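This one's a predicted model, so the numbers in the text were calculated from it and none came from an experiment. We number each residue from 1, following the sequence as shown.
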Amino acid sequence: MSSLLSYALPALGSYAMLSIFFLRRPRLLHTPWAPVFLPRLGAHRAGSGELLENTMEAMENSLAQRSDFLELDCQLTRDGVVVVSHDKNLSRQSGVNRDVSSLDFEELPLYKEELEVYFSPGRFAHGSDRHMVSLEDVFQRFPRMPMSVEIKEENEELINKIAGLVRHFDRNEITVWATEKSSVMKKCRAANPEMPFSFTIGRAIRLLLLYYLGLLPFASIPERFFFCFLPTIINRTYFPFSCSGLNQLAAVISKWLIMRRSLIHHLEQRGVQVVFWCLNEESDFEVAYGLGASGVMTDYPTALRHYLDNHGGAAQAS
């Protein structure tokens, strides 16, 4: 047993030293992705804390605040129009208990006069523009604005239509596939492999396992974006579980697992841009940029723009 340990311990020590060395210097093993755009300020649902989510008015406001990209979710109407909508069912947004897929685009109802900001409970957004919009109209209005498009379900027609619109408007490099599900991402990548894509939940778990096993420096990373929630917002603005005990446990575990400067630095060195969501308070901006994140996704682009301007572009300095 002692002879086995005499070989195993030096081998493990050497492996650990190599892992740490290449974790800090990944460019010795990998050519980093070249960033197409810098996602310092991302407008969640186009800036849903300041104006009604996903409306043209909200998008114009986000551009006025020099947002670097818009975060959008898409659904498909009955007549095959890709519409920008976070929810499949329209009850929360419009008070109409119908799925988007059950209506033609021209039949879609107006948004409510006010909507609660999901990541700022108790706060409400208002706006003069209450119209839902098609993704095609958004691409036409903002042809060079980078966007992250999240797909929530395995709807191949929706995925293929989005892929086609991205090609038609020559947006392959500035439109990012985003989804929580690996099965959906597989279909997205097949529909348009030229678009950059982000980590799914499954791939993010794998990333963390590789990091803690010391294998991450030697693994390939095809993703170019890591959209990750900031663990410190759990129990304050983000409640992933209905049980408070589970939320507290999730906050402790996820904070310990994710909030690692060495992990974020490694990803950044490999050209993977780390964006924390959905942060609406200055204290959270501080935490995210302090960890070395590329950017922040927020419901309040004006507040984040004010923070960045007053801190000399925090993301650039990280």
Would you kindly confirm whether [X] and [Y] end up in one hydrophobic cluster when ILVMFWY residues are joined by side chain heavy atoms under 4.5 Å apart?
X: Val83; Y: Val138; answer: no
X: Val81; Y: Ile162; answer: no
X: Met17; Y: Phe22; answer: no
X: Leu23; Y: Leu18; answer: yes
X: Phe105; Y: Leu76; answer: no

Side-chain heavy-atom pair [X], [Y] within 4.5 angstrom cut-off:
X: Glu50; Y: Thr302; answer: yes
X: Phe69; Y: Leu41; answer: no
X: Glu53; Y: Leu115; answer: yes
X: Cys278; Y: Asp299; answer: yes
X: Val274; Y: Phe227; answer: no
X: Leu257; Y: Ser254; answer: no
X: Met297; Y: Phe276; answer: no
X: Met56; Y: Arg141; answer: yes

Judged by atom type as modelled, is there a donor-acceptor pair below 3.5 Å linking the side chain of [X] to the main-chain atoms of [Y]?
X: Ser94; Y: Val96; answer: no
X: His44; Y: Leu70; answer: no
X: Gln93; Y: Asp87; answer: yes
X: Asn54; Y: Ser85; answer: no
X: Thr200; Y: Arg203; answer: yes
X: Ser62; Y: Ala43; answer: no
X: Ser19; Y: Gly214; answer: yes
X: Asn192; Y: Glu194; answer: yes
X: Arg305; Y: Asp309; answer: no
X: Glu57; Y: Asp129; answer: yes

> Passes side chain to side chain contact (heavy atoms under 4.5 Å, CB included), Leu51 versus His126? Steps please.
Replying inline: CA-CA 5 Å; Leu51 290 160; His126 307 79; over 6 Å; no

> Is it true that Glu153 and Lys88 make a salt bridge, defined as a side-chain N closer than 4.0 Å to a carboxylate O?
Replying inline: yes

Enter the distance from [X]:[atom1] to [Y]:[atom2] here, rounded to the nearest 0.5 Å.
X: Met59; Y: Met145; atom1: CE; atom2: CE; value: 10.0 Å
X: Leu29; Y: Arg270; atom1: CG; atom2: CZ; value: 8.0 Å
X: Arg206; Y: Phe199; atom1: CZ; atom2: CZ; value: 8.5 Å
X: Gln248; Y: Asn235; atom1: CD; atom2: CG; value: 5.5 Å
X: Leu135; Y: Asp73; atom1: CG; atom2: CG; value: 11.0 Å
X: Glu281; Y: Thr298; atom1: CD; atom2: OG1; value: 9.0 Å

Say whether [X] and [Y], considering side chains only, have a donor N or O and an acceptor N or O under 3.5 Å apart.
X: Ser91; Y: Asn97; value: yes
X: Ser294; Y: Glu268; value: yes
X: Tyr212; Y: Arg260; value: yes
X: Tyr211; Y: Ser262; value: yes

>> Would Arg224 pass as a cation-pi partner of Phe197, given that its NZ or CZ must be under 6.0 Å from the six-membered ring centre and within 45 degrees of the axis?
In response: no

>> Under 6.0 Å from the ring centre and within 45 degrees of the ring axis: does the NZ or CZ of Arg144 meet both conditions for the six-membered ring of Phe169?
In response: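 No, Arg144 does not sit over the ring of Phe169.
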
Heavy-atom pair of closest approach, residues [X] and [Y]:
X: Lys112; Y: Gly95; value: CE-N, 3.5 Å
X: Glu173; Y: Pro196; value: O-CG, 3.8 Å
X: Pro143; Y: Ile174; value: O-CD1, 3.9 Å
X: Ile159; Y: Trp177; value: O-CH2, 3.7 Å
X: Asn247; Y: Phe241; value: ND2-O, 2.8 Å
X: Leu52; Y: Thr55; value: O-OG1, 2.7 Å

> Between Val82 and Leu165, does a side chain to side chain contact (heavy atoms under 4.5 Å, CB included) hold up when you go through it step by step?
Replying inline: CA-CA 9 Å; Val82 180; Leu165 285 170; 4.3 Å; yes

>> Apply salt bridge (charged side-chain N to carboxylate O under 4.0 Å, His left out) to residues Arg78 and Glu107 and explain how you reach the verdict.
In response: CA-CA 10 Å; Arg78 182 172 58 193; Glu107 297 174 326; 2.8 Å; yes

>> Using side-chain hydrogen bond (donor to acceptor under 3.5 Å, both in side chains), reason through Ser183 and Glu154 one step at a time and then give a plain yes or no.
In response: CA-CA 7 Å; Ser183 59; Glu154 290 190 50; 2.8 Å; yes

>> Is there a salt bridge (charged side-chain N to carboxylate O under 4.0 Å, His left out) between Lys186 and Glu156? Walk through the geometry before answering.
In response: CA-CA 11 Å; Lys186 183 178 180 180; Glu156 290 195 40; over 6 Å; no

> Taking the inter-plane angle between the rings of Tyr238 and Phe119 on a 0 to 90° scale, is it parallel (under 30°), tilted (30 to 60°) or perpendicular (over 60°)?
Replying inline: tilted

> Do you know which of Leu304, Leu308, Asn310 makes side-chain contact (heavy atoms from CB on, under 4.5 Å) with His306?
Replying inline: Asn310

> With sequence neighbours left out, what residues match Arg167 under side chain to side chain donor-acceptor pair (under 3.5 Å)?
Replying inline: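 In terms of side chain to side chain donor-acceptor pair (under 3.5 Å), with neighbours along the sequence ignored, Arg167 is linked to no residue.
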
>> Just checking Arg189: does its CZ atom have more than 12 heavy atoms from other residues, nucleotides or ligands closer to it than 6.0 angstrom?
In response: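 Open: at most 12 neighbouring heavy atoms sit under 6.0 Å from CZ of Arg189.
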
>> Before you tell me yes or no, could you show the steps for Tyr118 and Thr237 under side-chain hydrogen bond (donor to acceptor under 3.5 Å, both in side chains), namely the whole-Å CA-CA distance, both residues' side-chain angles and the distance that decides it to 0.1 Å?
In response: CA-CA 8 Å; Tyr118 183 82; Thr237 64; over 6 Å; no

>> Run the side chain to side chain contact (heavy atoms under 4.5 Å, CB included) test on Glu282 and His311 for me, step by step, so that the C-alpha distance in whole Å, both residues' side-chain angles and the decisive distance to 0.1 Å come before the verdict.
In response: CA-CA 11 Å; Glu282 185 168 312; His311 291 78; 4.2 Å; yes

>> One pair to check against side chain to side chain contact (heavy atoms under 4.5 Å, CB included): Phe229 and Ile258. What are the steps and the verdict?
In response: CA-CA 9 Å; Phe229 74 93; Ile258 296 171; 4.2 Å; yes

